[in-house]
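Just so it is clear, the values below take in all heavy atoms, side chains as well, and ignore hydrogens, waters and symmetry mates. Numbers here simply count residues along the sequence, with the first being 1.
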Amino acid sequence: MNFLQKLDLKRIAFHFLYWVFFLFFYYSNKSDDEGSYPFLFVYSFKIIAQATAGYGLIYFIIPETLNEKKYLLFILAAVGWIYFVFALLMILKFYYLEPKFPDFFADWLGHKMTIPERLTSGKLILREFSFITYPIIILGFISFNRKQQRLLKLEEEKKSMELKVLKNQLNPHFLFNTLNNLYTLTLKKDDKAPEVIAKLSEILDFVLYRCNEDYVSIEKEIALIENYIALEKLRYSENRLNILFTKDIQENNKISPLIVLTFIENAFKHGVINETEKAIIRLHLESKKQQIIFSIENTKPKNEFSKISDKSKIGLINVQKQLDLLYPKKHQLEIEETQTKYAVKLYLTL
């Protein structure tokens with residue numbers, strides 16, 4: 001019972017019907033003077049020969065040679081295996097099928113040949129090889145197509161899992177920074193704390209419920225950015241921060257959620273926190289036909305604390321991995337760092 005449960009009955013049925021189809025295909029092309037019983041009997045053996053050659057190639061020779069990139073061995077093994085099946089078919093015809101149905105084989109090409117002659121006749125070998133192999137080519141193509149579909153499905157599942165892992169790494173990092181902001185204000189018993197909680201609630205709604213999708217509308221991403229900037233502006237006075245967020249939205253495109261937030265977080269973390277004078281941050285988001293362009297530039301404080309931390313580097317690596325998964329060969333990330341500023345420009349082709 002366990003053995004039967006392991007069998008893929010649907011697949012077995014498909015293969016059985018495949019060979020039955022070929023048998024009736026041959027039968028539909030038989031001449032009127034060929035009897036039905038001899039024809040079906042003889043061609044049943046030919047179908048068995050084709051199936052033997054096909055399954056030997058597909059399930060043994062190809063996996064052991066071609067898939068391992070042993071191309072010469074594959075050619076030798078494939079030709080040798082098909083010749084072996086051809087030889088068995090010739091021996092079967094000579095000793096069993098022809099004596100049983102002599103009239104059926106009267107006009108057959110190798111009817112008057114001996115076994116050695118049949119096994120060395122180039123014309124006969126070429127003819128029988130083509131007969132044996134053409135159903136195998138179709139079966140092999142079907143098998144290859146099924147494997148490609150399985151590989152694509154596995155690749156999509158892998159991509160989806162990688163994105164979930166990356167987003168799970170990014171979201172806690174983002175929430176931790178935001179909660180730190182709230183913690184600072186509550187310690188000071190600042191009247192702005194309720195407004196921060198309201199903004200944080202909107203951000204949490206986005207992060208927890210809308211970031212499960214691979215892409216969101218550009219308006220939702222803008223709302224997230226504006227809420228985040230509003231939280232940070234509540235934290236700093238006007239003489240500490242000069243920030244400007246400009247937008248040019250010509251098309252309502254979709255974008256991967258949180259993909260630009262790491263750059264904004266880094267701008268505040270390294271451009272504002274350690275700045276003793278007035279920090280400047282400039283953001284610009286452009287959405288046009290088939291393209292999204294995001295740029296951010298912030299001033300750099302002139303002290304040793306302005307160096308990018310390992311955690312920030314992890315965030316940037318995380319974003320780069322997401323870009324590679326979601327925008328393969330369709331993104332361009334430019335990072336420019338000088339003594340006085342840090343600038344990032346991201347191009348996304350849709």
Side-chain angles (χ1 to χ4, degrees), residues 152 155-157 159-175 177-178 195-234 241-268 280-298 315-316 318-336 342-350:
L152 286 172
E155 191 66 31
E156 285 297 317
E157 289 174 355
K159 175 180 172 181
S160 178
M161 287 300 297
E162 286 180 3
L163 283 171
K164 286 180 181 178
V165 170
L166 290 171
K167 286 178 180 179
N168 288 337
Q169 289 175 358
L170 184 61
N171 294 354
H173 175 64
F174 161 67
L175 293 175
N177 286 348
T178 308
E195 186 179 348
V196 172
I197 293 172
K199 294 291 183 185
L200 180 58
S201 175
E202 293 180 27
I203 291 173
L204 284 172
D205 176 67
F206 184 90
V207 171
L208 295 176
Y209 299 109
R210 303 185 187 187
C211 285
N212 293 327
E213 302 172 12
D214 289 342
Y215 303 95
V216 297
S217 68
I218 196 74
E219 284 88 352
K220 290 179 181 178
E221 189 71 9
I222 288 171
L224 173 71
I225 293 171
E226 289 178 336
N227 281 331
Y228 183 84
I229 292 173
L231 286 175
E232 293 289 2
K233 287 175 74 175
L234 289 171
L241 175 65
N242 180 349
I243 184 168
L244 178 65
F245 178 29
T246 57
K247 304 170 284 290
D248 181 11
I249 310 302
Q250 300 172 20
E251 293 283 337
N252 184 21
N253 292 316
K254 287 183 176 287
I255 188 173
S256 175
L258 306 179
I259 203 73
V260 301
L261 196 62
T262 298
F263 304 119
I264 301 172
E265 285 183 288
N266 284 342
F268 278 99
I280 300 173
I281 299 177
R282 296 288 181 263
L283 302 91
H284 181 71
L285 185 63
E286 185 177 349
S287 178
K288 54 186 180 180
K289 190 173 182 181
Q290 302 298 314
Q291 191 178 45
I292 291 175
I293 302 172
F294 170 77
S295 62
I296 183 168
E297 181 180 314
N298 62 272
L316 291 173
N318 186 307
V319 170
Q320 185 62 63
K321 287 180 179 178
Q322 288 199 59
L323 288 169
D324 291 337
L325 286 169
L326 291 165
Y327 301 95
K329 297 181 180 179
K330 292 185 177 181
H331 71 274
Q332 182 180 345
L333 181 61
E334 298 175 356
I335 298 177
E336 180 187 357
Y342 189 85
V344 173
K345 198 161 191 178
L346 175 63
Y347 300 85
L348 302 175
T349 304
L350 309 177

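Nearest heavy atoms, Ser295 versus Lys345: CB-CG, 4.0 Å. When all heavy atoms of Lys233 and Leu241 are compared, the pair lying nearest together is CG-CD2, 4.3 Å. The minimum heavy-atom distance linking Tyr215 with Leu326 is given by the pair OH-O, 3.0 Å. Across Tyr327 and Ser256, no two heavy atoms sit closer than the pair OH-N, 3.1 Å. Nearest heavy-atom pair across Glu221 and Ile255 is CB-CG2, 3.8 Å.
In this structure, Phe245 and Ile264 have side chains that are not in contact, with every pair of non-hydrogen atoms separated by 4.5 Å or more. Side-chain contact between His284 and Asp248: present, with at least one pair of heavy atoms (C-beta onward) separated by less than 4.5 Å. Side-chain atoms of Gln320 and His331, non-hydrogen and from C-beta on, do get closer than 4.5 Å to each other. Asn242 places a side-chain heavy atom less than 4.5 Å from the side chain of Arg282.
The distance from the CG atom of Asn298 to the CD1 atom of Ile243 is 9.5 Å, given to the nearest 0.5 Å. Annotation: the span from Leu283 atom CG to Ile222 atom CD1 amounts to 11.5 Å, rounded to 0.5 Å. Atom CD of residue Glu286 and atom CZ of residue Phe294 lie 13.0 Å apart, to the nearest 0.5 angstrom. One distance of note links CG of Leu350 with NZ of Lys289; it measures 12.0 Å at 0.5 Å rounding. To the nearest 0.5 Å, atoms CD1 (Ile218) and CD (Glu251) are separated by 11.5 Å. For the atom pair OG1 of Thr349 and CD of Gln290, the computed distance is 9.0 Å after rounding to the nearest 0.5 Å.
In this structure, the side chain of Ser287 does not engage the main chain of Ile292 through any donor-acceptor pair within 3.5 Å. Proximity of a side-chain donor or acceptor of Asn253 to a complementary backbone N or O of Lys288 within less than 3.5 Å is detected.
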Check step by step if side chain to side chain contact (heavy atoms under 4.5 Å, CB included) holds for Tyr342 and Ile296. CA-CA 8 Å; Tyr342 189 85; Ile296 183 168; over 6 Å; no
Is there a side chain to side chain contact (heavy atoms under 4.5 Å, CB included) between Leu224 and Glu202 once you walk through the steps? CA-CA 8 Å; Leu224 173 71; Glu202 293 180 27; over 6 Å; no
Carefully, step by step, assess Val344 and Asn266 under the rule side chain to side chain contact (heavy atoms under 4.5 Å, CB included). CA-CA 11 Å; Val344 173; Asn266 284 342; over 6 Å; no
